[in-house]
Each structure stands twice: as structure tokens, then as C-alpha cells.
Amino acid sequence: MEDTGKGRLAVIIGGGNGIGAATAQVLSERGWKLAIVDRDLDNAQRVASELGGRAWHCDVTDSGVMTGIAREIAATYAPPHGLVVSSGTFQDSTVPVAEASHDDWDRLINVNLAGVYHAAQAFGPGMAERGQGAIVNIASTAGMGGSPLFAYGPAKAAVINLTECLAGEWGRSGVRVNAVSPGVTLVPRVRARMQAGARYRGNPGDSMALGRAVEPPEVGETIEFLLSDRASAITGVNLPVDAGWAAVRGWMMYGGTRPVGA
Ligand SMILES: NC(=O)c1ccc[n+]([C@@H]2O[C@H](COP(=O)([O-])OP(=O)(O)OC[C@H]3O[C@@H](n4cnc5c(N)ncnc54)[C@H](O)[C@@H]3O)[C@@H](O)[C@H]2O)c1
């Protein structure tokens, strides 16, 4: 396996599960050192011990704690070269907006948007001072168009815009900032909900060009690419990893994309 990490440190916030954990696996295979940060310390420790990194407990909504963790990580290892912000919380309710709860709005905006902002503030300025670094924020296809996700979608749309803002903030200081927008990705949480018959009507893969949902390592591979020097001229982009969902929305009113052999 090619050593694209070159022994550099990547911090993965939300690395205890799902896309973050799958990304940790890919990064470790490519020679990155890992700091796994999550509000679920048990899961973070499990991933860190399997892959040989260290775990930290942190809730991204607490900017003070996040800044302290950035200092601790730098003191324990070295300052990180890579930062992945994969922490996220989900909107289960798809009730009409008039009935939507303000608590849900606050929670979804705080974790999914303010959390990304806090992570950038904690880690970005140090990268800029050192003149190198790469940040990948995990947004979502839900932030690229309308859906019944009245709080989750706007939070993710704002993450895409925040990514562009930060690319301009630190680009000349040698720091690249990109977003990845997964479509429906079969992490354990999503698989469990689909098996319970909750969330989606029908098979989400039917609305994707490839006719299937996304596997977590496919998102991890994309994140690894954006963190690595192979992506040295890429900053400020939002890269969908969505099996073609965003590209083929126009096909849906014609009954879906073309079946095999038709
Ligand atoms: N799985 C999908 O279908 C999908 C699709 C689009 C976007 N995303 C985005 O990808 C990212 C990862 O999602 P996932 O599917 O891997 O979810 P997941 O639930 O499997 O993992 C999310 C991780 O974030 C941690 N986390 C949650 N809130 C936190 C907080 N306040 N502070 C610190 N850690 C916190 C959780 O403990 C968990 O380990 C999220 O930003 C999500 O919005 C996921």
C-alpha cells in the first residue's frame, strides 16, 4: 500500500464510528498516524486501539474543549497535518416545518455546523502558521438541494459554504480545505434503520446512477485522496460521493435511470 500519509498525523473528529471509522482504516493503511476524537470515547478507543492511534473525548459543540484537545494532541504527538470533521447528528423527523421542534433545529445546527466551525478554529490557525495542512469537512447531498430535512439540510449547505470561506482564509498559507458530500452511505446506523423499515421509502439505491448506495470505505478513500499531496491543487471544492445521485435527479421524473440492457 502506498505511503501517502508519510507518517503525518491526521485528527478524525467523529472517528469512533461510521464514515469516520472507515476513513481511519484507510488512512492507517496509507501510513497516517491517527488521533481519534469522538463524544463516544469507548468507540474512539476501540478504533484507536485497532489501528494503533490515540483517542480523545470531545463534543464538537464545545469550542473551549475542542481548543484544549487541539493543544493536547499537538503536545502528545506533533501538530496534525490532516483534519477530518465527520461528527454528525441526524434528523429523524420529517414532519411539516410548522410542526418541527426548535430543539431539533438547535441540536442539528450546533453539531453539524457550529461543530465544523469550532474544529476549524481549533486546528486551522496552527496549520496556517506552519504553512501546511489539509482539512476535509463532511457535508451531505442533503445540503445540495431541498428535502424534508429542514434543519439537517441547511446545516450541511452551510458547511459547504464555510468550506469555501476557509479555503480563501488559509489557501495562501498552504492549507487546503475541502468538503465531501456523501449520499446514502451504509454505515451501521443507516443499515440498522433500513432493516427496521425506517427512514426511506423504497430502496435509496434506486435514485442513484449506479443503482446502489455508497459503502463507507468509498467515502474514506475520497477523503484520503483530498488529504494527500495527490490533491495538492484542489481546495474549496465540495466533492459528492453519492453513486451519482446529484447528477441524475432529472431522470427521476422519467421513471428513473435506464435499466440494464434496455
Ligand atoms: N451515512 C450517511 O448516509 C451520510 C450521508 C451524508 C452525510 N453523512 C455525514 O457523514 C458524517 C458521518 O456520519 P456517519 O453516517 O458516519 O454517522 P455515524 O453515526 O456512524 O458516526 C458519527 C460519529 O460522530 C460522533 N458524534 C456525533 N455527535 C458528536 C459530537 N457532538 N461531538 C463529537 N462527536 C460526535 C458519533 O459518536 C459517531 O461516532 C456526518 O457528518 C453525517 O452527517 C452521512
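Both counts, for ligands and for their atoms, begin at 1 and track the order of listing. Worth knowing before you read on, the calculation uses all heavy atoms, side chains too, and leaves out hydrogens, waters and symmetry mates.
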Checklist entry - Between Gly14, Ser181, Pro240, Gly20, which one has a non-hydrogen atom sitting closest to atom 23 (C) of ligand 1? => result Gly14
Next on the checklist: Within the 4.0 Å heavy-atom shell around Ala139, which atoms of ligand 1 are there?
Outcome noted: 7 (C), 9 (C)
Checklist entry - Hey, quick one: are Val180 and Phe123 part of the same hydrophobic cluster, counting side-chain heavy atoms closer than 4.5 Å, chains of contacts allowed? => result no
Checklist entry - For Asn178 and Glu164, what are the C-alpha separation, side-chain angles and deciding distance, and is it a side chain to side chain contact (heavy atoms under 4.5 Å, CB included)? => result CA-CA 8 Å; Asn178 292 295; Glu164 293 169 343; over 6 Å; no
Checklist outcome for this item: shortest atom 18 (P) of ligand 1-to-protein heavy-atom contact is with Arg189 NE, 3.8 Å
Next on the checklist: Can you confirm if the NZ or CZ of Arg249 lies within 45° of the ring axis of Trp251 and under 6.0 Å from the centre of its six-membered ring?
Outcome noted: no
Next on the checklist: Using a 4.0 Å cut-off to any heavy atom of Ile19, which atoms of ligand 1 qualify?
Outcome noted: 10 (O), 16 (O), 44 (C)
Checklist entry - With a 4.0 Å cut-off on heavy atoms, is Gly183 touching ligand 1? => result yes
Next on the checklist: As an exercise, identify every atom of ligand 1 less than 4.0 angstrom from a heavy atom of Asp59.
Outcome noted: 30 (C), 31 (N), 32 (N)
Checklist entry - Near Val111, which atoms of ligand 1 are under 4.0 Å from a heavy atom of that residue? => result 28 (N), 31 (N)
Item to check | Part of Ala44 within contact of ligand 1 (heavy atoms, under 4.0 Å) | outcome: neither
Checklist entry - When you measure from atom 43 (O) of ligand 1 to every protein heavy atom, which one gives the shortest distance, and what is it? => result Tyr152 OH, 2.5 Å
Checklist entry - Do any nitrogen or oxygen atoms of Thr185 come within less than 3.5 Å of a nitrogen or oxygen of ligand 1? => result yes
Checklist entry - For ligand 1, which atoms, with element, lie under 4.0 Å from some heavy atom of Val184? => result 3 (O)
Checklist outcome for this item: Ranked by distance from atom 41 (O) of ligand 1, the top protein heavy atom is Lys156 NZ, 2.8 Å
Item to check | Heavy-atom nearest option to atom 30 (C) of ligand 1, drawn from Val60, Asp38, Asp42, Val65 | outcome: Val60
Next on the checklist: Quick check on the hydrophobic clustering: are Met127 and Ile223 connected, directly or via other members, by side-chain heavy-atom contacts under 4.5 Å?
Outcome noted: no
Checklist entry - Please state which protein non-hydrogen atom is closest to atom 6 (C) of ligand 1 and give its distance, to 0.1 Å? => result Pro182 O, 3.2 Å
Next on the checklist: Distance under 4.0 Å to a non-hydrogen atom of Gly88: what atoms of ligand 1 satisfy this?
Outcome noted: 24 (O), 27 (C), 28 (N), 40 (C), 41 (O)
Checklist entry - Under 4.0 Å from any heavy atom of Gly18, which atoms of ligand 1 are there? => result 16 (O), 20 (O)
Next on the checklist: Regarding Arg230 and Glu221, does a basic nitrogen lie under 4.0 Å from an acidic carboxylate oxygen?
Outcome noted: no
Next on the checklist: Quick check for you: to the nearest 0.5 Å, what is the distance between Ile36 atom CD1 and Asn17 atom CG?
Outcome noted: 11.5 Å
Checklist outcome for this item: Result for side-chain contact (heavy atoms from CB on, under 4.5 Å) between Ile138 and one of Asn112, Val84, Ile13 points to Val84
Item to check | Side chain, backbone, both or neither: the part of Arg39 lying under 4.0 Å from ligand 1 by heavy atom | outcome: both
Item to check | Ile12 and its side-chain contact (heavy atoms from CB on, under 4.5 Å) partner, picked from Val85, Val37, Leu27 | outcome: Leu27
Checklist entry - Under 4.0 Å from any heavy atom of Ile138, which atoms of ligand 1 are there? => result 9 (C), 10 (O), 11 (C), 41 (O)
Checklist entry - Is the shortest N/O to N/O distance between Thr61 and ligand 1 below 3.5 Å? => result no
Checklist outcome for this item: Of Ser86, Pro204, Ala119, Ser140, the residue with the heavy atom nearest atom 11 (C) of ligand 1 is Ser86
Next on the checklist: Are Leu83 and Val60 linked, directly or through intermediate hydrophobic residues, by side-chain heavy-atom contacts shorter than 4.5 Å (ILVMFWY only)?
Outcome noted: yes
Item to check | N or O contact, Asn112 vs ligand 1, cut-off under 3.5 Å | outcome: no
Checklist entry - Which one holds for Cys58 and ligand 1: side chain close, backbone close, both close, or neither close, with close meaning a heavy atom under 4.0 Å? => result backbone
Next on the checklist: Rounded at 0.5 Å granularity, tell me how far NE2 in His118 sits from OG in Ser63.
Outcome noted: 4.5 Å
Checklist entry - Are Val248 and Met208 co-members of a hydrophobic cluster defined by side-chain heavy atoms under 4.5 Å apart? => result no
Checklist entry - Heavy-atom contacts under 4.0 Å between Thr89 and ligand 1: side chain, backbone, both, or neither? => result neither
Checklist entry - What do the steps show when you test Glu224 against Leu227 for side chain to side chain contact (heavy atoms under 4.5 Å, CB included), and what is the final call? => result CA-CA 5 Å; Glu224 189 275 336; Leu227 287 183; 5.8 Å; no
Next on the checklist: Regarding Arg191 and Glu215, does a basic nitrogen lie under 4.0 Å from an acidic carboxylate oxygen?
Outcome noted: yes
Checklist entry - Nearest protein heavy-atom contact for atom 13 (O) of ligand 1: which residue, which atom, what distance? => result Phe90 CZ, 3.6 Å
Next on the checklist: Same cluster or not: Leu149 versus Ile109, using hydrophobic residues (I, L, V, M, F, W, Y) connected whenever any side-chain heavy atoms lie under 4.5 Å apart?
Outcome noted: no
Checklist outcome for this item: Logged contact type for Val190 with ligand 1, heavy-atom cut-off 4.0 Å, is side chain
Checklist entry - What do the steps show when you test Asn238 against Met144 for side chain to side chain contact (heavy atoms under 4.5 Å, CB included), and what is the final call? => result CA-CA 10 Å; Asn238 171 44; Met144 297 167 58; 3.6 Å; yes
Checklist entry - What do you reckon, does Pro216 put a non-hydrogen atom under 4.0 Å from ligand 1? => result no
Checklist entry - Looking only at heavy atoms of Asn43, does any of them come nearer than 4.0 Å to an atom of ligand 1? => result no
Item to check | Electrostatic pair Asp3-Lys6, nearest N-O below 4.0 angstrom | outcome: no
Checklist entry - Does Val187 approach ligand 1 within less than 4.0 angstrom via side chain, backbone, both or neither, non-hydrogen atoms only? => result side chain
